[in-house]
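Right, one structure below, let's go through it.
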4 protein chains.
Amino acid sequence: MKTSSKSELRKQQILTAAEKVFAKKGFQEATISDVGREAGLSEATIYEYFSSKEELLFSIPGETAKKTREDLKHILRHVRGAANKIRSIIYGYLWFYETHPDYASVSLLILKQNRKFLETQAYKDVKKLSGLLTEVLQEGKNKGEFSQEIDVYLVRSCILGTIEHNVIRRILLGKPQNLTDLTDPLTDLVLNGILKKPPLETMDFHVTVKPATQKKPAGPKKNKR
Amino acid sequence: MKTSSKSELRKQQILTAAEKVFAKKGFQEATISDVGREAGLSEATIYEYFSSKEELLFSIPGETAKKTREDLKHILRHVRGAANKIRSIIYGYLWFYETHPDYASVSLLILKQNRKFLETQAYKDVKKLSGLLTEVLQEGKNKGEFSQEIDVYLVRSCILGTIEHNVIRRILLGKPQNLTDLTDPLTDLVLNGILKKPPLETMDFHVTVKPATQKKPAGPKKNKR
Amino acid sequence: MKTSSKSELRKQQILTAAEKVFAKKGFQEATISDVGREAGLSEATIYEYFSSKEELLFSIPGETAKKTREDLKHILRHVRGAANKIRSIIYGYLWFYETHPDYASVSLLILKQNRKFLETQAYKDVKKLSGLLTEVLQEGKNKGEFSQEIDVYLVRSCILGTIEHNVIRRILLGKPQNLTDLTDPLTDLVLNGILKKPPLETMDFHVTVKPATQKKPAGPKKNKR
Amino acid sequence: MKTSSKSELRKQQILTAAEKVFAKKGFQEATISDVGREAGLSEATIYEYFSSKEELLFSIPGETAKKTREDLKHILRHVRGAANKIRSIIYGYLWFYETHPDYASVSLLILKQNRKFLETQAYKDVKKLSGLLTEVLQEGKNKGEFSQEIDVYLVRSCILGTIEHNVIRRILLGKPQNLTDLTDPLTDLVLNGILKKPPLETMDFHVTVKPATQKKPAGPKKNKR
DNA sequence: AATGAATGAGGGTTCATTCAT
DNA sequence: CATGAATGAACCCTCATTCAT
């Protein structure tokens, strides 16, 4: 399925080591020597596979975003309703970051703030991945499931921003302990907002019925008034 | 009001230069020599005022968060309702980042991912500033203005995460052009969510009345069926 | 005539590649990898035939000087007079450098300034080749064709120095365009010098003859006596 | 007379050390650390004054050629006759190389074969210095002191080539022991060539005298006719 | 015979930092 | 108070060379 030449395996081995080392020490603080030690290889060997420290860094994402997108698309095919799809996507992101903490560190703490990374293919893949969210939001808006007033880009940034904010907190402060637990609260928050809803169930209808006379249905009043 | 000894002025001069330089080149890529050049001082002079490059970095926030908190508190005193206070806080953050782009870069791209920064006083001030948001959220929850089900910490992370996500995009990609314009859409999003609200005004009640009997309106239904 | 085992051919292939690469990039700047690429072989294969990069360099001259000497000797056998032999030798050198520019580069720009090269057999061959010139000069001196006052070593260095100086100019600056064209001017220069010759044909003799006696014109005196 | 700021002195100190080290070990083989050790300074200090190893190398010639040219011009002003001027120039070169052996090594063994050096100001100065020789040759030709048939560029290359060839031999092989001793033999060689001159003093005139008749002096025949 | 793969060894270069003046 | 001058300490990167296959 995947080209697993010996060379390709070595590359993966190095990338895994680099991910771990960069996640732990940061990019500048980590040395190629560190990566070599972690990978059980000499520095020179690293350079046989990656032409520079920076290229090594930029190679870590690889096809990750692309594959994650495929996986997500596959899952979404079986999910009904934009709201549920949002939930699935949020879960997808959180689950991924939770199960790939080193990748999360590299991605959110190192690559995210690197201007040169913006020019790599991997970044384009990341953008395309987030495009999935935009599509679902647009779909929900088009189909009337979501309000017509939402700005899909803002909502997307809200969802991703919240996720990333929490993942970073997790990385640096250790809390929240569990990321995927945020799925429902975050989804509900985005879907419903935080305002106390006018509790439909407490509406009182006072109906007086007079026998043998005309009747009218009581039209409820608008909120905004 | 503020100690403006000559020494203090020089410190400020250096900090301003450092902020600018770090914002432009990043921390590792910037050199003390760069800062010196920007400040019109020699490198050695920088070291007269700051013991290390890192200390210089960590000194940039200074009292910023503390003062911003005071300003915000002052403003909030005149704002009624938790929802409006949220709006004011969101505006406060956006306005600050918009008018202090260099500070935004240093804060969000450099300090935010630095583990050692977590141990500084400045970081505590930042946390305390975000505490204001927590308080307002809790207040809204307590007073019944916000839903009882919200997790104030999640909501806070949502608001801050969204803001930061957009500020970083602004810094790196140049868009959105205008940050403060996000105030209302973001506030509304957080308050109301994105679901299309059941338009109360179009609800139809079909009431059939039969003379000579007694009935009562059906008791309220739960949302979560 | 020449051992052309398969191994020998491969060696030649590598040497030709090395000559080309070293000529173009210089010794230090050229890598074994470059040579391998030029030869269409792997680096390891180079090392099957030459034990080190330096040995490879020192192997480039090979039998060149020896063969050139044989060729020259053969030619000189048919040339009459030391002066004409000098001309032939000068032509031989110039023609060789002109038709072997890569060899010229390696020889004059790289090997010429390498102290270790002085200890190789190839260097001894080069010296022996230049010995031919010495012999001819000495011969011309002995036979009275050349002045008794010349220092054959100086004259040799003059001829070779001029040739090499021009070849190097050719390599680095592209001029003179044509090397063999220098043969006659250089030969004449060395043979005749640059001074304007006292034009014998304008000498006036005034002879007075008196009948009935016998005298002889007094022969001019030698300078050195 | 010369700007001898402290910084300028340091630069000179480093250049002197570099000249010595490069002369001894060659450019590639010498390390900045070697130069530092020779100068009694740290490697980092070298880099305070020269931005790279190559710049250090290219800085060694400095104003040497320019000054040498001035000196030579000054001397030539008091020398009569192109031939004597040639002698002075040859002596000037030889004397300079003899008294500056390290410079000779760097100049003739390292810089002479470096393509990038051709683009430096120092190289232009060297060319201008050799231009002096061309001028003198041309002058001698114009004034009829030298043959009309000489190619001044070839003669120049002959003089310089011979000098450099001998200086290099001196550097690498230790002989000739004394360079300036070459002045006269080389000058004479270039002026007179090596051919045995038709010794005017040995010319035989055979005069047959017939009494009482007309007579003619037997004029020698022109060579070229 | 040929080479893919690995690396030891080393050097150029950068800078944060120090200190005498 | 300010700084010119100096450097220790690292690190990235290169490449000639080796060796198992």
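Side-chain nitrogen and oxygen atoms of A:Arg10 include none within less than 4.0 Å of the OP1 or OP2 phosphate oxygen of E:dG4. Between B:Thr45 and F:dT3 there is a side-chain polar atom (N or O) within less than 4.0 angstrom of OP1 or OP2.
Atom CD in C:Gln13 sits about 14 Å away from atom P in E:dA1, given to the nearest Å. Atom CD of C:Glu55 and atom P of F:dT17 are 10 Å apart (whole Å). Look at CG on D:Leu9: it is 16 Å from C1' on F:dA6, rounded to the nearest Å. Rounding to whole angstrom units, NZ of residue D:Lys53 and C1' of F:dT14 are separated by 13 Å. Protein atom CZ of D:Phe27 is 12 Å distant from nucleotide atom C1' of E:dG11, rounded to whole Å. The separation between D:Lys11 atom NZ and F:dG4 atom P is 17 Å, rounded to whole Å. For B:Glu8 and F:dC1, the CD to C1' distance is 15 Å, given to the nearest whole Å. Computed from coordinates, the C:Ile32 CD1 to E:dT3 P distance equals 14 Å when rounded to whole Å.
Mapping B:Leu41 and A:Ser51 onto DNA chain F by nearest heavy atom places B:Leu41 closer to the 5' end of the strand. If you find the closest nucleotide of DNA chain E to A:Gly40 and to D:Gln28, the one lying nearer the 5' end belongs to A:Gly40. For the pair B:Glu54 and D:Glu54, nearest-nucleotide mapping onto DNA chain E gives the more 5' position to D:Glu54. Comparing C:Glu29 and B:Ala44, the nucleotide of DNA chain F nearest to each residue sits closer to the 5' end for B:Ala44.
Residue A:Tyr49 is in sugar-phosphate contact alone, with no base atom involved, counting any heavy-atom pair closer than 4.0 Å across all strands shown.
Between D:Tyr123 and D:Pro61 the shortest side-chain heavy-atom distance does not fall below 4.5 Å. At least one side-chain heavy atom of C:Leu172 sits less than 4.5 Å from a side-chain heavy atom of C:Leu109. Taking the side chain as every heavy atom from C-beta outward, C:Phe27 and C:Lys53 approach each other to under 4.5 Å.
Not a single donor-acceptor contact under 3.5 angstrom links the side-chain atoms of A:Glu43 to the base of F:dC12.
Remark: D:Lys112 is not positioned above the aromatic ring of D:Phe117, lacking an NZ or CZ atom under 6.0 angstrom from the ring centre and at most 45 degrees off the axis.
In this structure, the separation between CD1 on A:Ile110 and NZ on A:Lys25 is 12.0 Å, given to the nearest 0.5 Å.
Look at F:dT14: its Watson-Crick or wobble partner, with both distances under 3.5 angstrom, is E:dA9. Nucleotide E:dA1 has no partner under the Watson-Crick or G-U criteria, as no pair reaches both atom distances under 3.5 Å. The pairing partner recorded for E:dA20 is F:dT3, the criterion being a Watson-Crick or G-U wobble arrangement whose two distances lie under 3.5 angstrom.
Distance from the side chain of A:Tyr47 is smallest for F:dT14 among the nucleotides F:dT14, E:dA6, E:dG4.
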